[in-house]
Structures are given as C-alpha cells and as structure tokens.
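Whatever order the structure lists them in is the order used to number ligands and atoms, beginning at 1. The chain is numbered in sequence order, starting from 1.
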Amino acid sequence: MAQGKWIAGVDIGGTTVKIGIISTDGVIHKKWEINTDKSDGGIHIIEDIWASVNKQLDESGIPLSNVLGVGLGAPGFIDGDTGYIFEAVNIGWKNYDLPKHLKAISGVPVFVENDANVAVLGENWKGAGQQEKNVIAITLGTGVGGGVIANGEILNGANGMAGEIGHMTIEKNGRLCNCGRSGCLETIASATGIVRQAMEYIESDKSSGKLVEHVEKHGVLTAKDIFDYAAQGEEKAISIVNYTTDVLGLMIANMGTLINPSKVLIGGGVSKAGSQLLDKIKESFDKYALERVSSICEMRIAELGNDAGIIGAAFLVKQKVLHVSF
Ligand SMILES: [Zn+2]
C-alpha cells in the first residue's frame, strides 16, 4: 500500500486525458492516459476520469481517505475561483459546473483551472521555475498559450482572461487568428504561424531557396524544418526566426514591465529549438525591456513536457487544501 497523502492530477485535452497519482511532494506515483470521449457534449468525460482514478487508487492500495483531492486543467475559459467552465470549445463544454459534478460522484475536494495556468503551476513547482513568486510562462505549440504567476498566485483577472498571451495584438491589420481577431501573437509565433510565414514567402517568390526546394520535394514544411534551415545559414529561414523571436522578445518586454518576473519559461513544441530560440528571444527582450526588468529576469526552456499539466493540477489541490503558495 502506498503510504501518505495523494492527489489526482488531471490534464484534459481534446484527444486524451492525462492522469497522475501524485504525492504532496510532487512525485508521480503512477501516470496514464484515457481517451477523451467528446460524444453527447462531453458529459461522459468526468465519469470516465473518476472511474479510471478509482481503479488505479484501488490497485495502489490507496484508500479514498488518503486522497487530498482532484485537480484538473482544462482548455477554455474557466472561472479560476470556482472552477466553473464558461466554455471549452475543443471538448464541447459550455456553462458547465465541473467541480460540482465531480465532487458529487467522488466525495473529495475538486479544483479546476485553465490548462495553461495549471502548466505554469507545474513548471514553477517541479520544473524550470524553481518556485518563484513572479513568473511568465509561454507555450509555443499549435497555438500560443500562457500563464502568469504574480505574488505567488495564478493571475486570473476579472473573468479568467489574464495571461491569454497568444491573443495579444502584435500586428495591426495582421493575419486572421482563431479567436476571430487579427494580428495576434499566435498568428506569428505558434508552430502554425512560423510555417505560415514561410509559406507566404514561398508563394511570393518561388524562384529559389532551400525552403522552396523543401516544399517542392516534401509537400510540407514544419517549424522544426525552418529552425534547422536557419541553423544551416539559409537566409529566408534566418529572417523568419529573427522576426518571430524579435516579436516574442518585444512582447515579453512589455509584459515584463507589468509583471516584473524573475523567470520567463518557454515551453511547447517550438521550444525544442532550445538555445537557438531562447538566445534570440533573450537578445530581443534585453533590447526592449527596462534594464531593471531584464537584469532580474532569467529566461529558461520548460522542463516537464507533458507532465506539467498533471503536476500543476496536483499543486492546485495542494495549494487550496494545505494553504501553501510559492
Ligand atoms: Zn487571437
């Protein structure tokens, strides 16, 4: 039997739900995934999660009395105080009182937060953040996500929208974004945005260059390809990387003036470019930020990868039940 108190950390995504049984020290005892059943507006997901958690608790010999609670991160607009979900488009939830539903079937405390906010909690607890009080985290994936910790707490704002970094307007009259507006950071600095920049260049000048040759040969291009070509000295790839990292550095400098963070954490698929990405963002950040803002701030690549969500969800429970903060 696993001794001590345990937390179920849950990271709900559009395809799979990641679940972990995690100690109050942030050590993963067990982790697994189940499919996200989006049928009937997603009403079965919570029952599926709890049935799966219950089974694993049983197998680990952990009685329910040793479970501090369940923490969940979900994609969408969520009230950070109550966990009420206004809308989670990818899942199909709208005006859904998830905590009430899960509390009723589990009998344990339940806490819910936006998945990007949960990820920053995880990174700051057990990853690259090192339990700092003021942190900005940016996830460069298919989209651009973000979360802010200010004075040791997740910054939620008046209706849960604080830290939606991907939708800061960077280009007036820019490209159309998924949010319906245009020129958002996401249209430039997401993996999708980086590829779009390259495809627009190829459309405008098909005459020469490695990017053109690559698309002619393979039909597609990824953000990783663009970073690889930049590392090899391909001029157009370099200019796309330079523009993207310059925009990110500028945006972080502006956010830095508001938040004054001691850490900025960059995660998501694009962050696999490592120092090739980070050094350029830092250079641009130093150029645009006030000296006292940039000198105190360390920029790092996120470390927890796919575990950030479940670990952060566990911290959410620890924070609320045991009244701890960074
Ligand atoms: Zn947008």
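- Annotation: salt bridge (Lys or Arg N to Asp or Glu O under 4.0 Å) contacts of K55 (sequence neighbours excluded): E59.
- For the pair Y229 and I240, the minimum side-chain heavy-atom distance is 4.5 Å or more.
- Around the Zn ion (ligand 1), protein N, O or S atoms at less than 2.8 Å comprise H167 ND1, C177 SG, C179 SG, C184 SG.
- Between E123 and K126 no salt bridge is recorded (no basic side-chain N to carboxylate O distance below 4.0 Å).
- The aromatic rings of W125 and F315 are tilted relative to each other, their planes meeting at an angle between 30° and 60°.
- Side-chain heavy-atom separations under 4.5 angstrom define the hydrophobic clusters, and the remaining members of the one that includes M161 are F77, Y84, F86.
- Residues that satisfy the ring-ring contact (aromatic ring centres under 6.0 Å, His included) test with H44, not counting sequence neighbours, are absent from this structure.
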